[in-house]
Structures are given as structure tokens and as C-alpha cells.
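All values reported here derive from a predicted model rather than from experimental measurement. The first residue of the sequence shown is numbered 1, and numbering continues consecutively from there.
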Amino acid sequence: RSDIARVEGDFTPGDIVSVYSSKGKFLAKAFYNPQSQISLRIMSLHDEPIDRAFIFRRVKEAVDYRRTFADLRSCRLIFAESDRLPALIVDSFGDVLVLQCLALGMERFKQDVVDALVEEVHPQGIYERSDVPVRRLEQLTGVMYGTVPDRVEMVENGVHFWVDVKEGQKTGFFLDQKENRAAIAPFVKGKTVLDCFTHTGSFALHAGHYGAKEVTGVDISAFACEFATENARLNGLENVVHFVEANAFDLLAEQSRAGVKYDVVILDPPAFTKTRSAIEAATRGYKEINLRAMKMVKPGGYLITCSCS
């Protein structure tokens, strides 16, 4: 917002506007919301109509791109600015798509997006989860197309998961770690594995699927542990993978002091900070869990550590 020198003409928040340099050169078409710190979200660098046909082209380009390398039944189909569709996220879980629309301008094109996705992907249903903190008061959730069950079965890297698309965190499942979960295969076969902050068991179940001898998944949420146990049963891994409801910090401290060791320790915590003011405390948290985990890895073993801060 602070980069805008002046605004000319009438507009309604969320409108498509033309953006010019201080010397009068056309720069872009964008949607504009003066209430947001990100006032301009670029839709096109060309002076072209931003309409239904434009949205259909962009959705098709995003889906075609994923077709070249991704499993369309288990991937992020549309990734906001990366696909030149600002503030729009669409995740694919089996036959169901989950959509998040996080800005007023894109909200106006939401039905066009749904229609384009139906044409390109032919899903069973599309569910909206625009319930992030910035929009939670607007209660923007619900079925946008077709039918959406409470749980959807998805296959990721050969591992089956139940996904709670209506109540689960974010869009129901964290697809961003898909390739990393596949990458643990060489390190876990025949090994004992500890997976901290397991959530619905994604890393733990991949370890079991790739031949681990014994896997312990840890999460502070009883619901997450129950859900992960269901996912273990879904894969026939309940005798290999088990889940413990515990604070990972406390469990790491207790087991570290007791001299418990594993061949592989996996850390995939939630973000410890989302603001600059909390960086110092977050750094202490990351140091603590990584230091304790390192002490619990057997000689020749592996620490697999992740951060989304």
C-alpha cells in the first residue's frame, strides 16, 4: 500500500485496475483493495481483459503444468501467485478438491475457478476452506460443487491416508512434504524410527511403508493420534507403527535423559514463529528439539529435521 503514489478514478474494493509507473508506463492489471497492506495483487503484466475466459486459461495452465510431473489425485493443483492466480490455493485429495480464496479480488472470480476446475479435473466435489484467521469471521466454508464426504481417502507415494477436508488443519493435509516423505525411503528400512509432531502420521506411515522395523509417532493432540492410528490400520501397519499422545518437547527430554536411542529421528514441528518479535524464542525452541534429537540418534543413524517458520 505504501508504494502507491496516487489513485485515480472510481473503484470498489476488489476491482481490477490498471497499474502505471510514475512516468505513465503501463505495468500490470491487478485487483485492488485499499484495506489490505497488499493492496495490489498482479493478475497480468499485459493490458488484457481479466474475465472468465482469462481465469479458465490460467486454471488450465496450472493443471497442465502439474500433469507433467505430479499425481493429480494428490498434489497442490493451484499455488496462488506461483500460478499467476493470486491468493488462490487448490489442493487435490483423491476425487475431492479443497479450495482456499484469501483475497477479496479473487473472491469475485471464485465461481469461474470452480467451473474451470470441473471442466479440467472432473472432481466428485469441491469444498471451500477459506477459514484462515484473516477470514474466519466470514464463515467461508462449504461445498461449492458436487458432493464432499467428511473424509476422503488419498494415496500419497503408495501410502493410503484418510483426509479430513472439512475439519483438518489448513486444507486437511500437508502436501508440501510429499517429496520429502518419499525421500526417507533409503534411511528407514529395517530401522527404529521416532517421528515427532506426527500430526496424522504422514512421516511415520511412510517409514512403515518403506520397511522400518518399528515406528513411534508422537503428537500432543489426542485426535491427531487417533486419526493417525486409523491411517495405520488403513495400510495394515498397526503392528509396526504406533502413536503416543505426548508433548514432543517433554518426551524428547525424558527419553534423552534416559538414554533412549533410535536409528532415525524425524522432526516436523509446526511453525514456532509467524512474527519477527518471536524469533528469539523460536530459535531457542528449534535448538532444544534438534539438540535433544541429535543425542538420541544411534551412531550411523539419521536426523531428518524440518522447519516451516
Side-chain angles (χ1 to χ4, degrees), residues 74-76 89 91-94 96 98 100 127 129 131-133 141 150-185 187-188 193-210 212 214-235 237-238 240-252 255 262 264-274 282 285-286 288-290 292-293 296 303-309:
S74 168
C75 74
R76 177 151 289 183
I89 292 168
D91 284 346
S92 174
F93 304 117
V96 170
V98 180
Q100 282 189 327
Y127 195 79
R129 284 292 303 273
D131 54 348
V132 295
T141 63
D150 290 340
R151 292 183 178 184
V152 177
E153 185 176 346
M154 178 193 71
V155 181
E156 178 187 84
N157 303 320
V159 185
H160 292 254
F161 290 95
W162 289 114
V163 179
D164 185 350
V165 297
K166 295 181 179 178
E167 300 293 336
Q169 290 186 31
K170 301 292 179 73
T171 60
F173 190 86
F174 293 96
L175 289 164
D176 56 335
Q177 291 278 49
K178 180 175 182 174
E179 288 76 16
N180 290 336
R181 289 190 278 260
I184 73 172
F187 309 112
V188 298
V193 180
L194 175 67
D195 175 26
C196 294
F197 312 97
T198 192
H199 189 39
T200 51
S202 51
F203 271 107
L205 291 170
H206 274 76
H209 176 73
Y210 292 135
E214 183 181 358
V215 184
T216 302
V218 180
D219 201 277
I220 198 169
S221 163
F223 175 79
C225 290
E226 291 168 11
F227 207 92
T229 301
E230 287 189 49
N231 283 332
R233 282 196 291 268
L234 185 63
N235 289 276
L237 292 170
E238 61 266 42
V240 177
V241 184
H242 66 280
F243 297 95
V244 176
E245 180 191 344
N247 182 313
F249 281 89
D250 296 340
L251 183 133
L252 284 167
Q255 294 200 349
Y262 298 85
V264 180
V265 177
I266 301 169
L267 302 177
D268 185 21
F272 287 174
T273 177
K274 297 181 186 296
Y286 285 120
E288 179 182 339
I289 61 168
N290 281 278
R292 292 193 184 281
M296 294 170 63
L303 170 65
I304 298 168
T305 185
C306 315
S307 167
C308 59
S309 285

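In this structure, Thr200 OG1 and Glu226 CD are separated by 13.5 Å, a value rounded to the nearest 0.5 Å. Ile304 CD1 to Ile266 CD1: the interatomic distance, rounded to the nearest 0.5 Å, is 4.5 Å. Interatomic distance, Glu288 CD to Asn290 CG, rounded to the nearest 0.5 Å: 10.5 Å. Between the OG1 atom in Thr305 and the OH atom in Tyr286 there is a gap of 9.0 Å [rounded to 0.5 Å]. Here the straight-line distance linking atom CG of Asp91 with atom CE of Met154 works out to 9.5 Å at 0.5 Å rounding. Note: Ile89 CD1 to Arg76 CZ = 4.5 Å, rounded to the nearest 0.5 Å.
The heavy-atom pair separating Leu267 from Ala293 by the smallest distance is CD1-CB, 3.8 Å. Looking at every heavy atom in both residues, Cys225 comes nearest to Val244 through SG-O, 3.6 Å. Counting all heavy atoms, side chain and backbone alike, Arg233 lies closest to Glu238 at CA-OE1, 3.6 Å. Of all the heavy atoms in Ser221 and Asp219, the pair that sits closest is N-OD1, 2.9 Å. Taking every heavy atom of both residues into account, Gly201 and Ala228 meet most closely at N-CB, 3.8 Å. For the residue pair Ala271 and Cys308, the shortest heavy atom distance occurs at N-SG, 3.3 Å.
At least one side-chain heavy atom of Cys196 sits less than 4.5 Å from a side-chain heavy atom of Leu252. No side-chain heavy atom of Asn235 sits less than 4.5 Å from a side-chain heavy atom of His209. Side-chain contact between Cys306 and Asn180 is absent, with no heavy atoms from C-beta onward closer than 4.5 Å. Considering only heavy atoms from C-beta on, Ser74 comes within 4.5 Å of Leu175 through its side chain. A 4.5 Å side-chain heavy-atom check between Ile184 and Tyr210 finds at least one atom pair inside the cut-off. Taking the side chain as every heavy atom from C-beta outward, Thr198 and Val218 never approach each other to under 4.5 Å. Using a 4.5 Å heavy-atom threshold, the side chains of Val152 and Val98 count as separate. The closest side-chain heavy-atom distance from Glu214 to Val193 is not below 4.5 Å.
In this structure, Thr229 has no side-chain hydrogen bond (donor to acceptor under 3.5 Å, both in side chains) partners at least two apart in sequence or on a different chain. Taking the side-chain hydrogen bond (donor to acceptor under 3.5 Å, both in side chains) definition, one finds that Asn231 meets it with nothing, sequence neighbours left out.
Checked options His199, Gln177, Arg181; the residue passing with Asp268 is Gln177 (criterion: side chain to side chain donor-acceptor pair (under 3.5 Å)).
Using cut-offs of 30° and 60° on the angle between ring planes, the pair Phe272 and Phe197 is perpendicular.
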Requested in this report: Take Trp162 and Glu153 through the test side-chain contact (heavy atoms from CB on, under 4.5 Å) and record every step on the way to the result.
Outcome: CA-CA 5 Å; Trp162 289 114; Glu153 185 176 346; 3.8 Å; yes

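Defined by atom type and a distance below 3.5 Å, a donor-acceptor pair is present between the side-chain atoms of His206 and Asn157.
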